[in-house]
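Please read the structure below before turning to the comments.
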Amino acid sequence: MLYRNDDPRAILAMEEALTGNYGEDGYYSSYERDIKYCPVCGACEPDYFYMNDDGECVGCDECVHIVYEL
């Protein structure tokens, strides 16, 4: 796009072109998108997720435990 020199959007366009929009589509934002959270307890990066027969998540290895007696 073309902007006038006194237009504030011109500065933003130049910075995005110079940095490749670093921070928005760069390393850190793609890293944060890959982090998995448990929808039940909110644990960050659990080892396992447990699903029921309907395909819904019922928890992770941090919030679901084996119980031998009720």
Side-chain angles (χ1 to χ4, degrees):
M1 298 195 83
L2 297 175
Y3 296 104
R4 292 176 45 101
N5 284 341
D6 59 348
D7 190 347
R9 293 178 294 174
I11 297 170
L12 294 174
M14 287 185 282
E15 287 295 321
E16 288 176 1
L18 178 67
T19 62
N21 210 13
Y22 182 77
E24 294 296 322
D25 295 328
Y27 173 77
Y28 293 109
S29 63
S30 64
Y31 172 74
E32 291 170 357
R33 278 187 237 128
D34 294 339
I35 295 175
K36 308 260 186 312
Y37 294 97
C38 176
V40 177
C41 69
C44 179
E45 291 291 329
D47 293 330
Y48 301 103
F49 290 99
Y50 295 100
M51 310 291 276
N52 63 9
D53 293 336
D54 297 330
E56 298 173 358
C57 182
V58 294
C60 66
D61 61 339
E62 295 185 22
C63 63
V64 177
H65 302 284
I66 296 174
V67 177
Y68 296 105
E69 294 180 18
L70 290 177

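Residue numbers start at 1 and run along the sequence shown.
By the 6.0 Å contact criterion, CG on Asp54 is enclosed, its count of non-hydrogen atoms from other residues, nucleotides or ligands being greater than 12.
Once rounded to the nearest 0.5 Å, the distance linking SG of Cys60 with OH of Tyr50 reads 8.5 Å.
Minimum interatomic distance between Cys38 and Phe49 (heavy atoms only, all atoms of both residues): CA-CE2, 3.7 Å. Nearest heavy-atom pair across Asp61 and His65 is O-CE1, 4.4 Å. Taking both residues in full, the closest heavy atoms of Met51 and Cys57 are given as SD-CA, 3.6 Å, listed atom of the first, atom of the second, then distance.
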